[in-house]
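All remarks here apply to the structure that follows.
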2 protein chains.
Amino acid sequence: MSRPPRIDRAAVLTATLELADEKGLAAVSMRAVADRLGVTPMALYRHVGDKQQLLDGLVEWVLREVPLPDPALPWPERLEAMAQAMRTTARRHPDVFPLLLRRPAVTPGAARVREAVYAALRGAGVPEPDVARTERMLSTFVLGFAASEAGGRFTVDAAQLDADFSWAAGRLLGGLVDGADRAVEAERAG
Amino acid sequence: MSRPPRIDRAAVLTATLELADEKGLAAVSMRAVADRLGVTPMALYRHVGDKQQLLDGLVEWVLREVPLPDPALPWPERLEAMAQAMRTTARRHPDVFPLLLRRPAVTPGAARVREAVYAALRGAGVPEPDVARTERMLSTFVLGFAASEAGGRFTVDAAQLDADFSWAAGRLLGGLVDGADRAVEAERAG
DNA sequence: ACCTGAACACCGTTCAAGT
DNA sequence: ACCTGAACACCGTTCAAGT
């Protein structure tokens, strides 16, 4: 007869993420995760495959945690909110975040964020043939920036980094943001 | 009495890089590196400290391998050459390269590349107060792009990626490259 | 269906010892 | 000064067994 499961996939991923945040990625072992859950290491295999799949699942788990902005907001605010959300996620999970750069962006979690960026770029009037490319380069920059920031590569202060980020994002968007800011203000003015 | 060393730091780093390239970063263990050198694992500690320092040294070792362009070349060609060199290095060492995003950019190897970019940006007429920031954002993008490309995050073909890269780099440079290309051609035309 | 126990081939690192 | 051997507390994973 079957008996009720003591752990499930979500519990394993939650425990793994806590461990990675508290003690670093190097401390993430099947045995340490199992310890935290109060089971033997072998109990994990049924739920997450093996260690590589555990790490793959962890990346997806982190990506799903990134909040998406209200689609009713003006597109510059949506882009800004998503970029800041990625930076916040990177700072919250500095050891796990860089793994994002090592996985094909084809998972549901990656597609979820990408589609929201597509919508904002279309709202900005980016021509359809340019939408995918603009998203690829923007997300590459945001991932690289967030990973660098969380990993401690930058040696300037936080205010300088905020200014750098806006400056670079504005350039990648080719002046769209400045134009749109004016458009949004014009709307508000009536 | 002392006896002649059988291995040195360079030999350890070379063996480590070969191992990482052939079998991945997960295969890099003190024991496996020692095996490849024909010594016991404990012999490595004198030369590279411990495993964390071995990995730190490995990143620096890879960075020193990036070729710098002839300073006599026009600046757009120098920037282009350095960017392509970073992509080549990333593809050659896909497992080691992402570690660059997790280390402060204060090592000699990082400074070496940075100074060459500074010189090119000054040659391009970037105002002095903007030079450091432009370099930070450009290198963040190039690192993120190269790591993504080498790590398999992109799912488009190589020609598309080349086009994407030029497009984004041109935008980050704020039209400097297009202007300079014309300037260089005008010079050549006499 | 879900978890355990024992086992195997690995790890990083310390410490005392050899030359 | 440089390397070794033995030892300790870890790894990931398989396999057969228990409920």
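Letters A, B, ... are given to chains in the order of the sequence lines, protein chains preceding strands, and every chain is numbered from 1.
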List in numerical order all residues of residues 49-60 of chain A for which some heavy atom is under 4.0 Å away from an atom belonging to DNA chain D.
A:Asp50, A:Lys51
DNA chain D contacts made by residues 10-20 of chain B, counting heavy atoms under 4.0 Å
none
Who pairs with B:Asp130 by side chain to side chain donor-acceptor pair (under 3.5 Å), at least two apart in sequence or on another chain?
none
Under the side chain to side chain donor-acceptor pair (under 3.5 Å) rule, collect the residues that match up with A:Thr140, sequence neighbours excluded.
B:Arg153
Send over the distance from B:Arg46 CZ to C:dA17 C1', rounded to a whole Å.
14 Å
Grab the CG-P distance between B:Leu44 and C:dC11 for me, whole Å please.
12 Å
OP1, OP2 of [N] versus side-chain N and O of [X]: anything below 4.0 Å?
{"X": "B:Arg6", "N": "D:dA1", "value": "no"}
{"X": "B:His47", "N": "D:dC2", "value": "no"}
{"X": "B:Tyr45", "N": "C:dT14", "value": "no"}

A:Glu149: partners by salt bridge (charged side-chain N to carboxylate O under 4.0 Å, His left out), with sequence neighbours left out
A:Arg87, A:Arg91
Return the set of residues passing salt bridge (charged side-chain N to carboxylate O under 4.0 Å, His left out) with B:Asp21 (not counting sequence neighbours), or none when no residue passes.
none
So which pairs with a foot in residues 128-147 of chain B pass ring-ring contact (aromatic ring centres under 6.0 Å, His included), sequence neighbours left out?
B:Phe141-B:Phe145, B:Phe141-B:Phe165, B:Phe145-B:Phe154, B:Phe145-B:Phe165
Side-chain donor-acceptor pairs of residues 103-113 of chain A under 3.5 Å, sequence neighbours excluded:
residue  : atom : partner  : partner atom : Å
A:Arg103 : NH1  : A:Asp56  : OD1          : 3.2
A:Arg103 : NH1  : A:Asp56  : OD2          : 3.4
A:Thr107 : OG1  : A:Glu60  : OE1          : 2.7
A:Thr107 : OG1  : A:Ala110 : N            : 3.4
A:Arg112 : NH1  : A:Leu63  : O            : 3.3
A:Arg112 : NH1  : A:Val66  : O            : 3.1
A:Arg112 : NH2  : A:Val66  : O            : 2.7

Within residues 36-43 of chain A: residues closer than 4.0 Å to DNA chain C (heavy atoms)
A:Val39, A:Thr40, A:Met42, A:Ala43
Taking for each residue the nucleotide of DNA chain C bearing the nearest heavy atom, is the 5' side occupied by A:Arg31 or by B:Met30?
A:Arg31
Applied to residues 113-123 of chain A, the side-chain hydrogen bond (donor to acceptor under 3.5 Å, both in side chains) test, sequence neighbours excluded, yields A:Arg122-A:Glu128
Distance check, rounded to the nearest 0.5 Å: B:Thr16 atom OG1 versus B:Leu55 atom CG?
8.0 Å
Out of curiosity, A:Tyr45 OH to A:Gln53 CD, how far, rounded to the nearest 0.5 Å?
10.5 Å
Flag, side chain of B:Arg6 to backbone of B:Leu37, donor-acceptor distance under 3.5 Å
no
Has A:Arg78 got a side-chain atom pairing as donor or acceptor with A:Pro69's backbone, closer than 3.5 angstrom?
no
Any pair counted as salt bridge (charged side-chain N to carboxylate O under 4.0 Å, His left out), so long as it reaches residues 22-34 of chain B, sequence neighbours left out
B:Glu22-B:Arg36
Note: B:Arg102-A:Asp95 ion pair, threshold 4.0 Å (strictly below):
yes
Between which residue ranges does DNA chain C form stems of three or more consecutive Watson-Crick or G-U wobble pairs, both distances under 3.5 Å?
C:4-8 with D:12-16, C:12-16 with D:4-8
